[in-house]
Amino acid sequence: MADPYQNNVYHHGGNDPYGTYGEGGGQDGYGYQGESYPQEDDAASDVTEGHDDEDQMYEGEYQGIPHPDEVKAAQRAARAKARQAQSGATELEELAEQYEDIMEDCGHGRFQWTLFIVLGLALMADGVECFVVGFVLPSAEKDMCLSNGEKGMLGLIVFLGMMVGAIIWGGMADKLGRRKCLIWALTINCVFAFLSSFAQGYGFFLFFRLFSGIGIGGSVPIVYSYFSEFLQMDKRGEHLSWLCMFWMMGGIYASFTAWGIIPRYGWGFSMGTEFQFHSWRVVFVLVCALPAITSLVGLLFMPESPRFLLENAKHDEAWMILKNVHDTNWRAKGQPEKVFQVTHIKAPKTQEDEFIEIQSATGTAMQRWGVRTLTLCKLVLKNIASLLGPELRLSTLFMAIIWFTMAFSYYGLGVWFPDMIKYLQQEEYDSKVKVFHRERVEDFRFNFSLENQIHKEGEYINDKFISIEMKSVKFEDSLFEDCYFEDIKSTETIFENCTIRATIFYNTDLYKEKFINCKLENTTFHHNKKGCHLDSEEENDILIYLVSFLGSLSVLPGNIISAMFMEKIGRVKIIGFSMLISAGCTFFLFLSFSEAAIIAWQCLFCGVSVAAWNGIEVITVELYPASKRATAFGVLNGLCKLAAILGSSIFASFVGVTKVVPILLSCTALVCGGLVALKLPDTREKILQ
């Protein structure tokens, strides 16, 4: 089949199959233009008016420091020399070399920073999704009357959705485009996040959160692949690390919003008796969808990755995008007279693309859609299988171990730390319980709340319990006769082995399930409260929000330091040493185990582990070629979410049982992952393939 793009080139002359661009000689196989486009005398930008050449003199010239442009020219010459030595370079390798040269000419400026904000918000949305369910669970538990099993499923369903979404969207992004897939993924997330905020039943809420997770699951693999393809080699590690900061900002945003909205403001509205909308639904879930919505709007004004377009033989579109990047950056720097001099970019044609074109030219619209969908599924699966091919097998195995061990420890401890704080608080609360033995109360009106009490073998005759709250109250082997209960709100209140005679319960939430092995004689229940009510503000909940907020905030120093030293130290050392230090942080929990110690070690652990996360995400981008980059990132990120599900489930099961197992599990996983990371190749000066 003839190549439809073979005539869409901007030949400047000669028989060079790759065209010409830049300045200088053409010794490296990529010729350079000898003259630039003519400029009028008054074509200078107003921004540069009033500046002479002497003002623009390089400061390091007097110190013998080479100009950055000279360094880049030397690097480019070295790469050209290496190309000549490797006469058997493939088309894709030549494209990678040429693309790096073009990105250096385009520079790093306004375009990259704009894209940085837009993609950062998408990454922030992923961070919010990881935190949001944990914050709404206490309110959702009361609002939907959830059992412990249902609460656990609600906490895990989002990670399950994100796992599936990462694999699906990552694979599709390598075949359909980064921008297109990210737009669809964020759209699905926004739609189902909106629907989940109004879902009344547990089943619908679970379903909507699952699909919301599937949507946002595509953000991480696509965002890093997308952004990396607009960065030159010497900027890649640092700026991808800065991008990681948005995930941390998502955690801060979610915890701060939860802290400000959920505990204190129980307002809402209702539509009849069946539809109740509390603050955690109407405000919190919708507010937490704002980063995804904002990113989605911004993406509508962003272009597709030119590297993806070139990999799929779309030369003209890629050339126009690269020209726009070049012009945007240099205009912002006050040099609009700089001309984009690239005339042709190598764009290989693959058999997979030809197969789609042949099939799409035949049959009805439905048949074409079916063929395209089937072909897309086959290509995605083939791409996933290629990650275990001879060239990538070892890298994929090492990265899978690193991603799994890091996520297993990070998310496992992320659940274990706050759960242990809750457990310690509950232990302290239980130690202050008041116990009443054989009390007899007759003709008394209880108009005050009862909290943290145990009443054993008591007798209550002709008493009234009106408009009070009962929290953590237990009546054992007691007698209630001719009593009257009205407008009662209860939390963790039960009656066990009690005898209740001629007693009326009116407008209470004391359901028959709360009477365990009790004898109910001539007892009636009128107008019981429907559903579950939301508790008032609790200090313990506020502390949990604060702990999560501090844990997210503590990531900031580690993020800044890792970004500054990503190019100097290298990805491999940052990953390896950060994981080993994180293991040490968890091990020191053996020495002190108070609430303050847990909070302090959690902050230190989060601050150190974020450096490892930054390095992992940067090196994942750099180890894989463009045609498999998003696919590999998606598979590894899906494995990460699987490890998160396992880690959070396993670690939570040991809360209140033992602290030894979670600490040893996390230490072992982090040490293994850190040692494997030190075996990875250094990709600092590797051109993005």
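As a basis for the values below, the full set of heavy atoms in this structure was taken, side chains included, without hydrogen atoms, waters or symmetry mates.
- Two residues are said to be in side-chain contact when any heavy atoms from C-beta on lie closer than 4.5 Å; Ile167 and Ile384 meet this criterion.
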Are Glu317 and Glu304 close enough, and set up right, to give a side-chain contact (heavy atoms from CB on, under 4.5 Å), and what steps lead you there? CA-CA 9 Å; Glu317 295 177 51; Glu304 180 57 85; over 6 Å; no

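- By the 4.5 Å heavy-atom criterion applied to side chains, Glu129 and Arg209 are counted as neighbours.
- Using a 4.0 Å cut-off between charged side-chain N and carboxylate O, Glu617 and Arg571 make no salt bridge.
- A salt bridge does not link Glu567 with Arg236: none of the charged nitrogens is closer than 4.0 Å to a carboxylate oxygen.
- Relative orientation of the Phe192 and Phe208 rings is tilted, given thresholds of 30° and 60° on the angle between their planes.
- A centroid separation of less than 6.0 Å is found between the aromatic rings of Phe633 and Trp403.
- Cation-pi contact between Lys568 and Phe565: present, with separation from the ring centre below 6.0 Å and deviation from the ring axis of at most 45°.
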Checking Thr631 against Val380 for the side-chain contact (heavy atoms from CB on, under 4.5 Å) test, could you report, in this order, the C-alpha distance in whole Å, the side-chain angles of both residues, the deciding distance, and whether it holds? CA-CA 8 Å; Thr631 301; Val380 170; 5.7 Å; no

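- Residues Ile214 and Met162 form no side-chain contact, since every pair of their non-hydrogen atoms from C-beta on lies 4.5 Å or further apart.
- Within the 4.5 Å cutoff, side-chain heavy atoms of Tyr253 are placed close to those of Pro291.
- Here the rule is side chain to side chain contact (heavy atoms under 4.5 Å, CB included) with Ser212, and of Asn189, Val158, Ile157 only Asn189 fits it.
- Of the candidates Phe116, Phe111, Tyr224, Phe111 is the only one forming a ring-ring contact (aromatic ring centres under 6.0 Å, His included) with Phe230.
- Residues Gln232 and Asp234 are in side-chain contact: their nearest non-hydrogen atoms beyond the backbone lie under 4.5 Å apart.
- For the residue pair Ser627 / Asp174, no side-chain donor-acceptor distance below 3.5 Å is found, with atom types taken as modelled.
- Crowding of Arg110 atom CZ: a count of heavy atoms from other residues, nucleotides or ligands under 6.0 Å not exceeding 12.
- If you take CG on Asp105 and CE on Met103, they are separated by 10.0 Å, rounding to the nearest 0.5 Å.
- Shown here for Ile569 and Ile574, the closest heavy-atom pair between the two residues is CG2-CG1, 4.1 Å.
- In terms of modelled atom types and a separation under 3.5 Å, the side chain of Asn329 and the main chain of Cys106 share a donor-acceptor contact.
- In summary, the side chains of Ser395 and Tyr624 do not present any donor paired with an acceptor at a separation below 3.5 Å, with no hydrogens or angles considered.
- In this structure, Thr114 and Met302 have side chains that are in contact, with non-hydrogen atoms separated by less than 4.5 Å.
- Across Ala125 and Ile216, no two heavy atoms sit closer than the pair CB-CD1, 3.5 Å.
- We find the CG-OG distance between Leu186 and Ser295 to be 5.0 Å, quoted to the nearest 0.5 Å.
- Taken to the nearest 0.5 Å, the CG atom of Leu387 stands 13.0 Å off from the NZ atom of Lys382.
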Between Arg178 and Ser225, is the side chain to side chain donor-acceptor pair (under 3.5 Å) condition met? List the steps. CA-CA 8 Å; Arg178 282 79 161 105; Ser225 302; 5.1 Å; no

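- Between Trp242 and Trp113, the distance from one ring center to the other does not fall under 6.0 angstrom.
- Between the CE atom in Met248 and the CG atom in Asn559 there is a gap of 5.5 Å [rounded to 0.5 Å].
- What you find for Gln112 and Gly107 is that their closest heavy atoms are NE2-O, 3.3 Å.
- You'll find the ring centres of Phe308 and Tyr226 outside the 6.0 Å limit.
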side-chain contact (heavy atoms from CB on, under 4.5 Å) evaluation trace for Trp247 with Met124: CA-CA 5 Å; Trp247 197 91; Met124 183 176 173; over 6 Å; no

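- Under a 3.5 Å cut-off, the side chain of Thr405 and the backbone N or O of Ile402 do form a donor-acceptor pair.
- Summarising the geometry of Gly558 relative to Ala611, their closest heavy-atom pair is O-CB, 4.4 Å, with the distance given to 0.1 Å.
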Kindly indicate, with the supporting measurements, whether the criterion side-chain contact (heavy atoms from CB on, under 4.5 Å) is fulfilled by Ile575 and Lys573. CA-CA 5 Å; Ile575 299 171; Lys573 291 181 180 178; over 6 Å; no

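- Residues Cys181 and Leu176 approach most closely at SG-CB, 4.0 Å, considering heavy atoms.
- For the atom pair CE (Met579) and CG (Leu678), the distance works out to 10.0 Å, reported to the nearest 0.5 Å.
- Residues Phe340 and Trp319 bring their aromatic ring centres within 6.0 Å.
- Within the 4.5 Å cutoff, the side chain of Arg629 has heavy atoms near those of the Val621 side chain.
- Side chains of Met399 and Ile619 form a contact here, defined as non-hydrogen atoms less than 4.5 Å apart.
- If you take CG on Leu309 and NE2 on His315, they are separated by 11.5 Å, rounding to the nearest 0.5 Å.
- Residues Gly298 and Val118 share a closest heavy-atom pair of C-CG1, 3.8 Å.
- Note: Phe159 and Tyr411 have perpendicular aromatic rings, judged against thresholds of 30 and 60 degrees for the angle between ring planes.
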